[in-house]
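Labels below follow one simple rule: chain letters A, B, ... track the order of the sequence lines, proteins then strands, and each chain is numbered from 1.
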Amino acid sequence: MSPLFKAEGIVKRFGERVLFDAASLELETGNGYVLVGPNGSGKTTLLRVLAGLDSAQEGKLVYRAREAAAAGPYPEPWRREIVYAHQQPYLFRTSLADNVEYGLARRGMARERRAALAAEALAWAGLAARHGVPPHRLSGGEKQRAALARAKVLNPVLLLLDEPTANLDGEARAQVLELVRALITESHTVLIATHDPEIIRLAILTRLRVSAQRIEVAE
Amino acid sequence: MDLLEPTRQAFALLFSGDRELWGIIWLSLWVSVAALALLAPLCVPLGFVVARIHFPGRRALVVAMQGFLSFPTVVVGLVLYLVLSRRGPLGAFELLFTPAAILIGYMVIALPILMVFTVAAVQGADSRIYETARCLGARPLRAMGTTLWEVRFAVTAGFVNAFGRVVSEVGCALLVGGNIAGLTRNIPTAIALETSKGEFAYGIALGFVLMVIAVGVNVALAWLQGEGGLE
Amino acid sequence: MIKRIVFALATLLCAATAQAQTVRMATTTSTANTGLLDYLLPKFRSRTGITVQYVAVGTGAALKIGEQGDADVVLVHDRESEEKFVAAGFGVKRRDVMYNDFVIVGAPADPAQIRGMKDAAEALKRIRAAGSAFVSRGDRSGTHLRELQLWRAAGVEPRWEGYYLSIGQGMGTALIMAYEKRGYTLTDRGTYLAYLKKTDLQIMVEGDSRLNNPYSVIAVNPSRHPSINHAGATRLIDWLTSDEGQRAIAGYKVGGAQLFFPSAK
């Protein structure tokens, strides 16, 4: 069986600085992956390239046997199935429910159905009671949970999470961790860039390491 | 000279619903609003593109727009006059001394203001807005709309600024409108010329209305921005 | 307090202007637009050393300026309001200076068919009936007041939507607007001739006795406004009505045509 998503020979430079030199990775359907590596090794950049937010200089992306040059343009239909969540999520200045419904609306879903799914996702994230609060008044942990609900509700084929527990500690981190754990088991395929030892330790995850401008499978 | 008596007359005029007076006010308002409404679908997306997309000459364009911010309106009027006059290149349309001529002038004056404010608003916008929209499945046009909506108060500030500028400018409106009673006489031209006729009450009444409009719109914006929840 | 400061400033200003030997004149746009003043006043200065600063507005506004003591002398053309001005004690030493005449001018196509008519009021009636554009000064100037008298004579209320264009501006602007709108206007002959190259308007009606246009000069009453330069005003009036001044007026020509005719007695 061919992998769900493949990146081959990715070359990414910022000016003189080479971040990736012919880096490759493969993601199998249904698996969870964690991407580790020191700060500045390019974890976020890699995720952004995979999500079509940044382009690379060379290499290609293959998703479900369709190919696209990593130098762009990113195929529009992929965006419906590959969802990326920022390390510090941005919530639109509407209601929390509108935030969660946003992606569903883009997929042409009817209003009632959207509202029902959004309510369900907010309840999943433990935010049912907070749905009327303006997003900018939410705490960091609540924002992250809302962003996870916003991504989960779209039921993505490939979910790319960037440091979901960074900048959080104590109770907030524990709550987000709980959701991440749930996402790993409930979702199709997940790739998480993180430093968090608790996530890295999760047994079901395949560990990928960024090192020496390449990506390797770590033990 | 006596200030109280003309002021009393001014308010009498305003509250008696003097048709000519309110006609002048109405003209000022509708031409200003129409000019901005016609510009909005052009300037706002264009401002977004200029802010987001790097193309050759972009920097020069932004600098030029900045420069045009303080372009003298009377010069806009002069150029437009020459263009619209019957001996000018667009003379065949017979637009000089019509409300349409003022409208065009207002659009020329407002265009750089709307552009500069929109560009600044979009450049100041969090880059995650557009990215988040795209990641959640929005196509570029929708993501642009979402971004503009998120920074709507900064964009609106451009409209308020442009409105304040056109509604109170006298040079262009007088030159290309001609201050024709009932046709192209608006608040600033009426103030300028009624005062020179010694009709102080009229000038005071219109000046008061103009002040209320200009201050009111800015207060409304400030209030809206407060409601918008600045973080 | 504020009044006192304003008064002090005004006194200072007057003192300054008096020292520089200037006379402030309020006059009509026709004398300025034709170029007459810029031709005449340097001659007066070289004779007397007095500089004349003028504001060109409508007769109504010029008289108002004189009434408030913001000018030393007025040069205007509307008998009726001039007489009221003097009778109310605002002005003294009214003297006839010169005259020219009004004409009704219009677009060459002459949509109202008034070319060659001798009765100005009848011509206005026809313009109205034809629904042609008529540009009115609308600024209480001598020309505007004369126009209103003619409308009264024609028995027509000059107020019809879209055609009667009241612009509240000077003669030059009115002529240009009549040209742009392919309509008619009432103008003094002098300004019309001075603007000949700027429009294609043609004289349609002339020679009606109601179209005579006499100009007078009036000194602002010094007993009402003691700070004004009455001596300078008097010298200007004396010079304008002297043989030399009158000859100078007669000698002013635009495109070979004499615009104003001396009338001092």
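Taking both residues in full, the closest heavy atoms of B:P45 and B:L42 are given as CD-O, 3.5 Å, listed atom of the first, atom of the second, then distance. Looking at every heavy atom in both residues, C:G106 comes nearest to C:Y184 through CA-CD2, 3.5 Å. Annotation for B:A51 and B:R58: closest pair O-NH2, 3.1 Å, computed over non-hydrogen atoms. Closest approach of C:A123 to C:I104, counting heavy atoms only: CB-CD1, 4.2 Å.
Under the rule for a ring-ring contact (aromatic ring centres under 6.0 Å, His included), the partners of C:Y215 that lie at least two apart in sequence or sit in another chain are C:H77, C:F260.
Taking a 6.0 Å sphere around CZ of C:R159, one finds it holds 12 or fewer heavy atoms contributed by other residues, nucleotides or ligands.
Inspection of non-hydrogen atoms places B:E94, B:L96, B:F97, B:T98 of residues 92-121 of chain B under 4.5 Å from chain C. Of residues 10-31 of chain B, not one residue has a non-hydrogen atom less than 4.5 Å from any non-hydrogen atom of chain C.
For B:R185, the part lying under 4.5 angstrom from a heavy atom of chain C is the side chain only. With a threshold of 4.5 angstrom between heavy atoms, C:D200 approaches chain B through its backbone and through its side chain. Contacts between C:T59 and chain B at a heavy-atom distance below 4.5 Å are absent for every atom of the residue.
Using modelled atom types and a 3.5 Å distance limit, the side chains of C:Y164 and C:S136 yield a donor-acceptor pair. Residues C:T187 and C:T185 have side chains that never bring a donor and an acceptor to within less than 3.5 angstrom of each other.
A 4.5 Å side-chain heavy-atom check between C:Y195 and C:V105 finds every atom pair outside the cut-off.
Within the structure, salt bridge (charged side-chain N to carboxylate O under 4.0 Å, His left out) pairs that include any residue of residues 128-138 of chain C comprise C:R137-C:D139 (at least two apart or interchain).
For B:R8 and B:E5, the salt-bridge test passes: some basic side-chain N is under 4.0 Å from an acidic carboxylate O.
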